[in-house]
Amino acid sequence: MKTLSLCAAFILLCWSLAAQAQTSRMPKDNWCIQKSTDEDNNMVFITANLGYRDYGFKAEFPWCLSVNMTIIDKNFNGHPTAPEALVLNQAEDLITAELEKVGVTHFVGRTTVNGSRVLYYFVADPDKANEALVPMTKTHQIREWEYRMEQDHQWLRVASFFDKNAQCL
């Protein structure tokens, strides 16, 4: 019985240390809003956590999850009105919370351009992310969205967020 208790304690200790190691790999938040243009000369706002600029553990989170939301109530340049921004932010918070329930999730940033907002996350396990998101897609959401997951070991999909010449507004 004593051996069983020691084994259980050892397993719990290892699990706790593994979880701590992953969460200790979360960089300090350093949010920045950048303004850019896309290939069609549309204004793009990038909200990025510059804490990931020189992040040393990218290879441990090789799956880029992009969540695309359509902007319904938009102004003349396709960006959300103030009330619409609140709805989009609430949807983002709900998605992020569900992803965090199933594992370490790195929310790197988002882009907003001409009727669309895209959220960018990096995860270690795409199956766990799917477990969190599939049930959400089958229920009514405050804003419709779709997602896509692709391998991106070097985080090239968001490299422009961390350009050394990027200017924060």
Side-chain angles (χ1 to χ4, degrees), residues 16-39 41-71 74-75 77-126 128-129 132-133 136 141-143 145-169:
S16 175
L17 291 174
Q20 272 186 327
Q22 282 198 330
T23 35
S24 70
R25 292 188 173 151
M26 300 296 278
K28 185 174 182 172
D29 282 346
N30 181 13
W31 290 97
C32 168
I33 299 174
Q34 306 163 27
K35 187 176 173 182
S36 184
T37 55
D38 67 8
E39 58 277 351
N41 211 29
N42 294 307
M43 183 173 30
V44 179
F45 283 106
I46 300 168
T47 305
N49 183 350
L50 298 183
Y52 287 104
R53 178 176 271 152
D54 298 314
Y55 187 62
F57 304 101
K58 291 177 182 175
E60 293 180 28
F61 303 91
W63 290 93
C64 179
L65 167 63
S66 55
V67 178
N68 188 358
M69 294 187 277
T70 301
I71 298 170
K74 50 192 168 191
N75 60 27
N77 64 9
H79 290 265
T81 61
E84 178 74 359
L86 292 174
V87 171
L88 296 171
N89 291 345
Q90 187 178 8
E92 176 184 307
D93 291 344
L94 292 169
I95 293 165
T96 302
E98 287 303 307
L99 289 168
E100 288 174 343
K101 287 179 185 176
V102 297
V104 175
T105 301
H106 295 276
F107 178 52
V108 176
R110 67 181 184 221
T111 58
T112 306
V113 60
N114 198 20
S116 177
R117 175 170 286 178
V118 181
L119 314 175
Y120 293 96
Y121 300 87
F122 282 84
V123 298
D125 187 337
K128 285 185 179 180
L133 296 177
M136 290 183 77
Q141 300 294 310
I142 57 172
R143 178 64 68 240
W145 50 269
E146 60 187 14
Y147 73 96
R148 180 179 177 160
M149 200 142 11
E150 302 172 288
Q151 274 195 310
D152 184 0
H153 294 276
Q154 297 177 3
W155 295 23
L156 298 176
R157 187 89 165 99
V158 295
S160 64
F161 291 13
F162 310 112
D163 186 279
K164 297 290 183 194
N165 298 320
Q167 298 290 317
C168 297
L169 299 178

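As a basis for the values below, the full set of heavy atoms in this structure was taken, side chains included, without hydrogen atoms, waters or symmetry mates.
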Visitor: Quick one, Met149 and Val123 - any side-chain contact, counting heavy atoms below 4.5 Å?
Guide: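 The answer is yes; the side chains approach within 4.5 Å.
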
Visitor: Could you check Val104 against Met26 for side chain to side chain contact (heavy atoms under 4.5 Å, CB included), going step by step and ending with a plain yes or no?
Guide: CA-CA 9 Å; Val104 175; Met26 300 296 278; 3.8 Å; yes

Visitor: Which residues pass the salt bridge (charged side-chain N to carboxylate O under 4.0 Å, His left out) test with Glu146, not counting sequence neighbours?
Guide: none

Visitor: Could you tell me whether the side chain of Leu65 reaches within less than 4.5 Å of the side chain of Leu99, counting heavy atoms only?
Guide: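 Leu99 reaches Leu65 side chain to side chain.
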
Visitor: The criterion is side chain to side chain contact (heavy atoms under 4.5 Å, CB included); which residues satisfy it with Pro62, sequence neighbours excluded?
Guide: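 Checked Pro62 against side chain to side chain contact (heavy atoms under 4.5 Å, CB included); matches are His153.
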
Visitor: Taking salt bridge (charged side-chain N to carboxylate O under 4.0 Å, His left out) as the test, write out the residues that go with Asp54, two or more places apart.
Guide: Lys164

Visitor: Is the distance between the ring centroids of His106 and Tyr55 under 6.0 Å?
Guide: yes

Visitor: Donor-acceptor pair, distance only, cut-off 3.5 Å: does the side chain of Thr105 make one with the backbone of Gly103?
Guide: yes

Visitor: What closest approach, in Å, do Arg143 and Leu88 show between heavy atoms, and which atom pair accounts for it?
Guide: CG-CD2, 3.9 Å

Visitor: Of all residues at least two apart in sequence or in a different chain, which pass the salt bridge (charged side-chain N to carboxylate O under 4.0 Å, His left out) check with Lys28?
Guide: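 Counting only residues at least two positions away or on another chain, Lys28 forms no salt bridge (charged side-chain N to carboxylate O under 4.0 Å, His left out).
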
Visitor: Looking at Pro27 and Gly51, what are the two nearest heavy atoms and their distance?
Guide: CB-O, 3.2 Å

Visitor: Taking Tyr121 as the fixed residue, which of Trp63, Phe107, Trp155 is the one that meets the ring pair (Phe, Tyr, Trp, His ring centres under 6.0 Å) rule?
Guide: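 It is Phe107, the one option of Trp63, Phe107, Trp155 that forms the ring pair (Phe, Tyr, Trp, His ring centres under 6.0 Å) with Tyr121.
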
Visitor: For the NZ atom on Lys128, are there more than 12 heavy atoms of other groups (residues, nucleotides or ligands in this structure) within a distance under 6.0 Å?
Guide: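 Atom NZ in Lys128 is not crowded, with 12 or fewer foreign heavy atoms closer than 6.0 Å.
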
Visitor: Ignoring hydrogens, what is the shortest heavy-atom contact between Ser116 and Ile71? Give both atom names and the distance.
Guide: N-CD1, 3.5 Å

Visitor: Taking everything shown except Ile33 itself, do over 12 heavy atoms lie less than 6.0 Å from its CD1?
Guide: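 Open: at most 12 neighbouring heavy atoms sit under 6.0 Å from CD1 of Ile33.
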
Visitor: Within a strict 4.5 Å, meaning less than it, do heavy atoms of the Thr112 and Val44 side chains meet?
Guide: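 They are not in side-chain contact.
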
Visitor: Verify the neighbour count for atom CZ of Arg157: are there more than 12 heavy atoms of other residues, nucleotides or ligands below 6.0 Å?
Guide: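 12 or below, so no.
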
Visitor: For Asn89 and Arg117, test the side chains for any donor-to-acceptor distance below 3.5 angstrom and give the result as yes or no.
Guide: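 Yes.
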
Visitor: Could you list the residues that satisfy side chain to side chain contact (heavy atoms under 4.5 Å, CB included) with Thr81, not counting sequence neighbours?
Guide: Asp73, Pro83, Glu84

Visitor: Which residues pass the ring-ring contact (aromatic ring centres under 6.0 Å, His included) test with Phe162, sequence neighbours left out?
Guide: none

Visitor: Between Phe122 and Cys64, which heavy-atom pair has the shortest distance, and what is it?
Guide: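 Smallest interatomic distance, heavy atoms only, reads CE2-CB, 3.4 Å.
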
Visitor: Do the two ring centres, one from Tyr52 and one from Phe161, sit under 6.0 Å apart?
Guide: no

Visitor: Is there side-chain contact between Gln154 and Lys58, with heavy atoms separated by less than 4.5 Å?
Guide: no

Visitor: Are more than 12 heavy atoms from other residues, nucleotides or ligands located less than 6.0 Å from atom CD of Gln151?
Guide: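 Yes.
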
